[in-house]
Amino acid sequence: MVIQWSDSLILLLAIALAAVLIYLPYLLVGYARFRVGYDLAAPRAMFDRLPAYAQRATWAHQNSFETFLPFAAAALIAYVTHGESATTTWAALIFLAARVVYSGCYIFNVPLVRSASFVIGSLATLVLFAVGLDAAGLNFGF
């Protein structure tokens with residue numbers, strides 16, 4: 001039996017999954033904090049004692065917050081304006097894949113691929129904005 005998911009459902013699920021992806025890099029930070037000895041009195045001060053991969057995971061986590069808001073706004077605009085389509089579905093899925101690659105490349109220190117995945121995720125967000133605004137009547141010609 002094949003499950004048929006609508007484009008609008010995929011948009012909403014992509015927003016939820018993007019919110020979850022924010023915290024995946026932070027799992028490594030938690031592990032590293034446990035390994036170096038978590039300091040309840042000064043948890044932020046222990047950042048310098050973390051291994052390099054955990055510091056990069058912190059930065060990936062922080063960047064995930066920065067990219068989530070525009071993505072969620074774009075996906076919601078596409079959803080509310082009934083602009084959902086195969087294009088928006090692919091844009092949302094590409095954004096999610098790009099974020100997974102971005103975080104992994106940040107943690108494993110692969111800057112060129114990390115930067116490329118950031119650009120790809122940003123372009124996917126721009127596609128969602130364009131399709132949503134086009135559906136709202138701001139004709140971009142899509």
Side-chain angles (χ1 to χ4, degrees), residues 1-136 138 140-142:
M1 177 175 176
V2 176
I3 298 174
Q4 295 279 344
W5 287 7
S6 69
D7 293 320
S8 58
L9 177 61
I10 292 171
L11 274 180
L12 294 176
L13 290 174
I15 294 168
L17 187 53
V20 170
L21 288 177
I22 292 171
Y23 294 96
L24 284 184
Y26 208 70
L27 294 175
L28 280 176
V29 177
Y31 171 75
R33 283 182 172 192
F34 175 76
R35 298 277 300 176
V36 300
Y38 193 81
D39 184 358
L40 287 175
R44 294 190 187 272
M46 67 185 299
F47 178 80
D48 293 332
R49 293 191 342 233
L50 293 176
Y53 75 86
Q55 291 177 352
R56 291 189 301 270
T58 299
W59 297 326
H61 169 69
Q62 291 169 346
N63 181 265
S64 295
F65 281 109
E66 296 165 5
T67 59
F68 174 74
L69 292 177
F71 168 74
L76 286 173
I77 288 170
Y79 176 77
V80 169
T81 61
H82 301 289
E84 61 272 81
S85 64
T87 301
T88 58
T89 294
W90 279 108
L93 295 175
I94 288 169
F95 174 84
L96 294 173
R99 292 311 302 170
V100 169
V101 170
Y102 178 88
S103 291
C105 288
Y106 215 142
I107 292 164
F108 291 106
N109 201 21
V110 185
L112 187 59
V113 178
R114 181 191 82 218
S115 296
S117 64
F118 179 84
V119 169
I120 290 168
S122 297
L123 290 173
T125 298
L126 289 175
V127 167
L128 288 170
F129 270 122
V131 171
L133 293 173
D134 182 62
L138 193 63
F140 288 107
F142 295 124

| Counting only heavy atoms not in Y31, do more than 12 sit closer than 6.0 Å to its OH atom? |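 Result for OH/Y31: open.
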| task | Please say whether more than 12 non-hydrogen atoms of neighbouring residues, nucleotides or ligands are located less than 6.0 Å from CZ in F34. | result |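 Check fails, neighbour count at 12 or below.
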| task | Could you tell me whether the side chain of S8 and the main chain of Y79 form a donor-acceptor pair under 3.5 Å? | result |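 The answer is no, because no donor-acceptor pair under 3.5 Å joins these two groups.
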Contact between [X] and [Y] at the side-chain level, heavy atoms closer than 4.5 Å - yes or no?
X    : Y    : value
V113 : V101 : yes
I10  : L13  : no
I120 : F95  : no
I107 : P25  : yes
F108 : Y53  : no
R33  : Y26  : yes

Closest non-hydrogen atom pair between [X] and [Y], with its separation:
X   : Y    : result
A14 : F71  : O-CE2, 3.7 Å
A98 : S117 : CB-O, 3.4 Å
T88 : G83  : CG2-O, 3.5 Å

| S64: partners by side chain to side chain donor-acceptor pair (under 3.5 Å), with sequence neighbours left out |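 With sequence neighbours excluded, S64 shows a side chain to side chain donor-acceptor pair (under 3.5 Å) to R99, given in chain and number order.
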| Counterpart residues, side chain to side chain donor-acceptor pair (under 3.5 Å), relative to E66 (two or more places apart) |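 Side chain to side chain donor-acceptor pair (under 3.5 Å) list for E66, sorted by chain: N63.
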| Looking at Y106, is R56 sitting on its ring face, NZ or CZ under 6.0 Å from the six-membered ring centre and within 45 degrees of the normal? |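 No, R56 does not lie over the aromatic ring of Y106.
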| request: Give me the one residue out of L11, L9, T89 that meets side chain to side chain contact (heavy atoms under 4.5 Å, CB included) with E84. | output: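 Considering L11, L9, T89, a side chain to side chain contact (heavy atoms under 4.5 Å, CB included) with E84 is found only for L11.
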